[in-house]
Amino acid sequence: MNIGRLSIKNILSKPLSTGLSLVLLSLGVGIISLMLQIDRHLQSQMTNNTRGIDMVVGAKGSPLQLILSAVFQIDVPTGNISLSEAEALQENRLVEFGIPLSYGDSYEGFRIVGTTEKYPELYSAIIAGGSLWKNSLEVTLGSKVAEKTGLQVGDTFLGSHGLSEGGHVHEEKAYVVTGVFEPSGSVIDQLILTGLESVWDIHDSHSAHEEESMNAVSESTDEREDSKQTPDAEQNYEEHDAESQHHEQHDPKNSNTAHSKYEDHADDLHEDDREITAMLIKFRNPMGMVQLPRMVNEKTNMQAALPNYELLKLFSLMGIAVNTLNILALAVMLVSGLSVFISLYLALKERTFEMALLRTYGATRSQLLGMVLLEGLFISILGFLLGMVASSVGLILISILLKSEYLYEFSGAWILIEEWYLAGITLVIGIVASLIPAFKVFNINLSKTLADA
Amino acid sequence: MKYLGLTHRNHTSMLTTQSLSFEYDEFNRFEFPDLHVDYGSDLLILGESGIGKTTLLHLISGLLKPKSGKISIDGTSLLELSEKHLDAFRGANIGIVFQRPHFIHSLTLGENLAMIQYLGKKSADPIRIKKVLEGLGILSKINFHPNLLSQGEQQRAAIALAVINQPKLILADEPTAALDDKNCIKVIELLKSQTKRNHASLIIITHDQRLKSEFEKSIVLQSKLESFESKVH
């Protein structure tokens, strides 16, 4: 038996007030730690996925949406751009390389992305089995895709239209799996990669097929910036429909002949009017950063977005929310400090005699002071640990949620430097809360206390 | 007048006090008669309420500092000890039985005793704890929290707390005030037998006249004025 054990016994002997202090403290610690962890994970996920990409070129619209859809594959695309125009940009002397991306179809929620072999190279994705796609309709699977769908090299599957599950299934042509990537911890893990031609091939027939049932839609295929040749998300459908209707009203004669006009036109499309969804660009030197975005935005009908700039904007927006929550959590922690203080203080009133008793049995002032301080300290240590456990559980839950929503995953957990500060703050709160009670115990009037009892 | 210092050990006296006085304020001033308790002998101090009985007990146990006078326990002058040493001395040498039993609520009876051993700088001795509890007939309650014991058991447990460290001096403050005649005798018998068993001296301070017949030696505290006069004579 010693002072430390007595402190623990004292804490345990008042489970309600100890419980309240612990709940409040761990709530505060948990929220702050969770915020820190989410922030860390998002930042590392984002920077991990933007490596090497200086600029993204896509259809005009929200630059953030373009980045989110083209780099992170979590938002719907802004629309389509002309391949020839994008390729012209690739020839610019300030561009080191450009990677075309064409997407809009999915399989069981995983996006099918038409691109070049430069794309997996950018993320240093290594083939685990099989080989990269070579011909049209051949695909290579990201590690997560292979794991979740159970597809293996040689298997075939049908893609469906749209980026979420339950879209129209392209029944005419099946993809063949030629390879699977090793896990790379990047966006590649969640993607099905194929050649650009695959996407075009699928949708040439798909559009023709769809055209039979949707007469009005075909009318706009002669519009260059329109997106019928490559797949697009539902959002674009709506815009598209609206535009088509607008056309109908504007030029009703045209719509009657639309069917035949489309079929004539479809054959010409193959070379000049190929479209892609976006192009990822790496600059040869920093001059590109200065010249190219402005050039693209002013002289073409494409838009250029800079991932680093857009992400910085996003993080600063998120930062406001995160800071608000952190302040709230800190307030909760302070309240918990108050709760520790009140609990110790009230217990002390009940226990003044007990303290005097301890003194008569030989306890020194410092031992009693230590005992009360230890009680505050134990509660804060326990509260911190509980908070960390709560934060880990929360992170796992959020990770599961994100996985089902965005196919994104948080992985790897370690204690952040900020969490050591958090531990320090928690301990200080515990000590400060027990300081006044401890001081009162230190200055206890033995004789008076014993005589009054 | 005998000189009682730290270096000089008087082998016949367990406790000696000399012209002790204490004042809370100018209207509450107490002067106490000199006390002299031999090794192994007991003393009953009788006095009416308000005469300063508890004050005297606190002076002897070093919980209060006297305004003047000297206290020597087993050859050690209490007034010459620093506060820290006084705490340690008290823990090791003095056992106190309070009017109403008090315990450390978060601990079981056994843990209470272990804690007192720790505070009295004695080595942890579970056998000693069991022996004391057995002698008081409450060994079966060792793992109970004290507030779950009956009043009689609590009274005995309080005695266990006072004797566990084998103090040289056991002080009891009104130990029988709340008890009926039957239990009163029982508690006094227990206190006396435990004191004998631990080779200690027992000092009971009380207003309870029933105890007078139980002790060979007793002293009556008188009011300030009378004791002052008797001192002048």
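The candidate with the highest count of non-hydrogen atom pairs below 4.5 Å against chain A, out of K121(B), M115(B), H105(B), is M115(B). The candidate with the highest count of non-hydrogen atom pairs below 4.5 Å against chain A, out of I164(B), I116(B), L63(B), is I116(B). Of the residues considered (I94(B), T54(B), L161(B), I96(B)), L161(B) shows the highest number of contacts with chain A, using heavy-atom pairs under 4.5 Å. Options L64(B), L57(B), T55(B) differ in how many heavy-atom pairs under 4.5 Å they form with chain A, and the most are formed by L64(B). Taking chain B as the reference chain and counting heavy-atom pairs below 4.5 Å, the highest number among L446(A), T364(A), N445(A), T360(A) is found for T360(A).
Interface residue I3(A): backbone and side-chain heavy atoms are both found under 4.5 Å from chain B. Looking at A114(B), the atoms closer than 4.5 Å to chain A (heavy atoms on both sides) sit in the backbone and in the side chain alike. Q117(B) does not touch chain A: none of its heavy atoms, backbone or side chain, sits under 4.5 Å away. Using a 4.5 Å cut-off between heavy atoms, S61(B) does not touch chain A at all. Of the two parts of L107(B), only the side chain, counted from C-beta on, holds a non-hydrogen atom closer than 4.5 Å to a non-hydrogen atom of chain A. Neither the backbone nor the side chain of I11(A) has a heavy atom closer than 4.5 Å to any heavy atom of chain B. Contact annotation for F89(B): neither backbone nor side-chain heavy atoms come within less than 4.5 Å of a heavy atom of chain A. Residue contact with chain A, scored on non-hydrogen atoms closer than 4.5 Å, is absent for H145(B).
Using modelled atom types, one finds a donor on one side chain and an acceptor on the other under 3.5 Å when comparing S33(A) with E419(A).
Of the charged side-chain nitrogens involved, at least one lies within less than 4.0 Å of a carboxylate oxygen, so that D87(B) and R90(B) count as a salt-bridged pair. Classification of E31(B) and K67(B) as a salt-bridged pair fails, no side-chain N sitting under 4.0 Å from a carboxylate O. For the pair R100(B) and E174(B), the salt-bridge criterion is not met [side-chain N within less than 4.0 Å of a carboxylate O].
Just one residue in the list T195(B), V37(B), L56(B) forms a side chain to side chain contact (heavy atoms under 4.5 Å, CB included) with I203(B), and that residue is V37(B).
Proximity of the aromatic rings of F353(A) and F103(B) is defined here by a centroid distance below 6.0 angstrom, and this criterion is not met.
When all heavy atoms of V441(A) and V372(A) are compared, the pair lying nearest together is CG2-CG2, 3.8 Å.
Residue-environment remark: CD (E147(A)) exceeds the threshold of 12 foreign heavy atoms within 6.0 Å.
Side-chain atoms of N10(A) do not come within 3.5 Å of backbone N or O of S106(B) as any donor-acceptor pair.
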